[in-house]
Each structure stands twice: as C-alpha cells, then as structure tokens.
Amino acid sequence: MAAASGDDLRAAIWKGLGEGKIVQVPVDPRYTCTTDQSQHCWVAYNEFLRCAKSKGFNADVCKTIRNHATSTCPSFWRNEFKEQREGHKFTGFEYEVQEEEEVEEDDDDDDEEDEE
C-alpha cells in the first residue's frame with residue numbers, strides 16, 4: 001500500500017472537518033513527538049491562514065484549524081508571524097491581519113507561566 005501524500009492527507013482532513021466528523025485535528029504522521037515541532041507549527045499556522053482567506057476568519061471549520069495552530073505554536077511565535085504579516089515580510093501564506101486577531105492578543109498570555 002502506497003503512503004498517502006500531503007495533499008491526500010490535507011483533503012481527508014478538510015473533508016472530515018466539513019462534515020463535522022473531526023472535532024480535534026488528527027495526529028499528522030509527518031510530525032512525530034521526536035521531531036522539531038517548529039515545522040508542525042509553521043504548517044498549522046499557514047493552514048489556518050489558507051482556510052481563513054478562503055472561508056472567512058470566523059468560519060467554524062477554520063476555528064478548529066486555528067485551535068490546532070494555537071495549541072501547536074507558542075504565543076510569541078504567533079505574535080511574530082502577525083507582526084511580519086503586518087509589515088508584509090511574512091514568507092508564508094499571504095493573508096492580511098484581521099480585526100478579530102487584535103482581540104486575541106489579550107488572550108495570548110496563556111503560554112507564559114507565572115514564576116513565584
């Protein structure tokens with residue numbers, strides 16, 4: 001049996017999300033727990049941008065992908081990506097910063113632990 005390509009996996013995920021069969025983004029076999037998760041973050045973030053541009057920032061299917069990107073990428077990376085997008089220096093998927101993203105900045109403190 002031949003291994004599925006990235007496009008096949010992406011199509012299956014989008015189909016499952018559209019039908020409401022997937023509530024959590026499934027494990028991507030390209031990124032195991034022993035690999036550097038920065039590539040996983042980059043792909044998840046760009047998949048969200050692609051979804052948001054095609055279906056709308058607050059589309060239900062995009063919310064699931066956004067949650068995946070949020071859980072995969074630390075807040076300081078997401079903020080850096082956003083700043084790069086604002087300055088038109090982001091090398092990933094092109095998508096203008098939306099007003100809704102400004103509200104999310106207040107909630108991004110969850111990655112920082114309080115040291116006592």
Side-chain angles (χ1 to χ4, degrees):
M1 182 174 179
S5 72
D7 289 335
D8 293 337
L9 292 171
R10 184 179 300 113
I13 290 170
W14 277 80
K15 181 180 179 202
L17 289 170
E19 295 172 354
K21 293 180 180 176
I22 299 176
V23 292
Q24 180 181 1
V25 177
V27 173
D28 191 332
R30 297 173 292 180
Y31 310 104
T32 64
C33 62
T34 59
T35 36
D36 182 1
Q37 293 297 303
S38 61
Q39 183 67 25
H40 194 191
C41 164
W42 178 257
V43 170
Y45 189 81
N46 280 282
E47 285 293 321
F48 165 66
L49 295 179
R50 181 175 300 178
C51 180
K53 187 171 185 176
S54 67
K55 301 194 183 296
F57 187 85
N58 288 318
D60 287 337
V61 68
C62 296
K63 286 180 183 178
T64 305
I65 298 171
R66 181 175 63 211
N67 289 340
H68 181 232
T70 301
S71 66
T72 306
C73 302
S75 62
F76 64 92
W77 281 4
R78 295 191 316 269
N79 290 335
E80 186 176 323
F81 293 158
K82 186 175 149 214
E83 288 172 10
Q84 290 172 356
R85 288 172 44 220
E86 287 172 339
H88 303 286
K89 297 179 180 178
F90 186 64
T91 57
F93 191 79
E94 291 183 24
Y95 182 62
E96 294 295 322
V97 175
Q98 303 299 303
E99 291 179 15
E100 294 91 341
E101 290 179 84
E102 303 298 330
V103 176
E104 290 182 351
E105 282 184 8
D106 298 334
D107 299 332
D108 279 346
D109 295 335
D110 60 342
D111 291 343
E112 300 170 10
E113 295 180 18
D114 294 330
E115 294 183 19
E116 297 177 22

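Please read all numbers here as calculations on a predicted model, not as lab measurements. Index from 1, following the sequence.
- Between W77 and S38 there is a side-chain heavy-atom pair separated by less than 4.5 Å.
- The minimum heavy-atom distance linking A52 with C62 is given by the pair N-SG, 3.6 Å.
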Kindly indicate, with the supporting measurements, whether the criterion side-chain contact (heavy atoms from CB on, under 4.5 Å) is fulfilled by I65 and R50.
CA-CA 10 Å; I65 298 171; R50 181 175 300 178; over 6 Å; no
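- Rounded to the nearest 0.5 angstrom, K82 NZ and R85 CZ are separated by 8.0 Å.
- The two atoms that bring R78 and A69 nearest to each other are CD-O, 4.3 Å, heavy atoms only.
- The local environment of CD in E94 is sparse, with at most 12 non-hydrogen atoms from other residues, nucleotides or ligands closer than 6.0 Å.
- When all heavy atoms of F93 and N46 are compared, the closest pair comes out as N-OD1, 2.6 Å.
- Taken from CZ in R66 to OG in S71, the straight-line distance is 12.5 Å, to the nearest 0.5 Å.
- Smallest separation of non-hydrogen atoms from K63 and N58: CE-O, 3.2 Å.
- Between Y45 and F81, the ring-plane angle classifies as tilted under the 30° and 60° cut-offs.
- Closest approach of V61 and C51 over heavy atoms only: CG1-SG, 3.8 Å.
- Taking the six-membered ring where the residue is Trp, the centroids of F48 and F57 are separated by under 6.0 Å.
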